[in-house]
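Since the model is a prediction, treat every value here as computed from it, not as a measurement.
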Amino acid sequence: MKQLLFVISLLSLCYSCSTHENYEKKLSIQNYSDSAIYVYIDSVDYLQVNRRIHLFDTNIKEKKDEYDAPLPKISSPDYRVNAYNISSMNSPIIGGSESYPLINSKDSTLHVFFISESIMKNYTWKEICEKQMYLKKESYALRLLNIKEWWITYYKD
């Protein structure tokens, strides 16, 4: 009987331990400017046409929030950060586990581009990439992001 209780206890302990197989590291961006910005994250140090970001997200399917209320058809993407606000975002470039986050690039560097809302509204993505139209670009090594606890602050120069 004691062995059965021990086995049940051990199994319940193992079951309750969390795993991080589906873990996604999020990058927090704080915007200290007077206008909204769009944040583009990549493993290369230039804007790429094939990794497009959009002015708005469109909800084609009828999606619902955690309270079963319908979500709006058009919404702001998580890479849009309002003035004096904070947004958390993930990216396919950021991987690994909670204990050991990784940057999926040749040199483990994350390149962050800050793009103004007016540029996003007035130009096509192709034009933005061809002319490399961004307000600011910053590069972060994995070690620096860990020190900063994956928190980046944008200040208008």
Test log, rule ring pair (Phe, Tyr, Trp, His ring centres under 6.0 Å), inputs Trp150 and Tyr140: CA-CA 10 Å; Trp150 292 77; Tyr140 297 91; 9.5 Å; no

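- Here Arg143 contributes atom CZ and Thr109 contributes atom OG1; the two are 13.0 Å apart, rounded to the nearest 0.5 Å.
- When every heavy atom of Glu127 is checked against every heavy atom of Met133, the shortest pair comes out as O-SD, 3.9 Å.
- A donor-acceptor pair under 3.5 Å is absent between the side-chain atoms of Asn85 and the main chain of Val81, judged by distance alone.
- Between the OH atom in Tyr123 and the SG atom in Cys129 there is a gap of 14.0 Å [rounded to 0.5 Å].
- Tracing side-chain contacts under 4.5 Å through hydrophobic residues (I, L, V, M, F, W, Y), one never reaches Tyr134 starting from Tyr46; they form parts of separate clusters.
- For the atom pair Leu142 CG and Asp107 CG, the distance stands at 11.0 Å (nearest 0.5 Å).
- Between Tyr155 and Tyr32, the angle of the ring planes stays under 30°, which puts this pair in the parallel group of the 30/60° scheme.
- At a threshold of 4.5 Å between side-chain heavy atoms, the hydrophobic network of Ile, Leu, Val, Met, Phe, Trp and Tyr places Ile115 and Val49 in two separate groups.
- Lys156 NZ: 12 or fewer foreign heavy atoms inside a 6.0 Å radius.
- Side-chain contact between Tyr79 and His54: present, with at least one pair of heavy atoms (C-beta onward) separated by less than 4.5 Å.
- Leu55 places a side-chain heavy atom less than 4.5 Å from the side chain of Tyr38.
- Checked by atom type and distance alone, the side chain of Asn31 pairs as donor or acceptor with a backbone atom of Asn82 at under 3.5 Å.
- Side-chain heavy atoms closer than 4.5 Å link hydrophobic residues (I, L, V, M, F, W, Y) into clusters, and following such links, even through other members, never connects Leu144 to Val44.
- Put simply, the side chain of Gln132 gets close to the backbone of Leu47: a donor and an acceptor are under 3.5 Å apart.
- Using a 4.5 Å cut-off between side-chain heavy atoms of Ile, Leu, Val, Met, Phe, Trp and Tyr, with links allowed through other members, Leu135 and Tyr84 fall into different hydrophobic clusters.
- Using a distance-only test at 3.5 Å, with no hydrogens or angles considered, no donor-acceptor pair links the side chain of Trp125 to the main chain of Met120.
- Looking at every heavy atom in both residues, Ile86 comes nearest to Gln30 through CG1-CG, 3.8 Å.
- Counting heavy atoms from C-beta on, the side chains of Arg80 and Glu117 come closer than 4.5 Å.
- A side-chain contact (heavy atoms from CB on, under 4.5 Å) with Ile152 is found for exactly one of Val39, Leu145, Ile41, namely Leu145.
- When atom types are taken as modelled, the side chain of Ser87 and the backbone of Asp78 share a donor-acceptor pair closer than 3.5 angstrom.
- Taking the side chain as every heavy atom from C-beta outward, Tyr40 and Val112 never approach each other to under 4.5 Å.
- Remark: the Ser88 side chain and the Ser28 side chain contain an N/O donor-acceptor pair separated by less than 3.5 Å.
- Here Leu27 contributes atom CG and Leu110 contributes atom CG; the two are 6.5 Å apart, rounded to the nearest 0.5 Å.
- In terms of heavy-atom proximity, Lys137 sits nearest to Asp45 at NZ-O, 3.2 Å.
- Counting non-hydrogen atoms of other residues, nucleotides and ligands closer than 6.0 Å to OH of Tyr154 gives a total above 12.
- With hydrophobic clusters built from ILVMFWY side chains whose heavy atoms lie under 4.5 angstrom apart, Trp151 does not share a cluster with Phe114.
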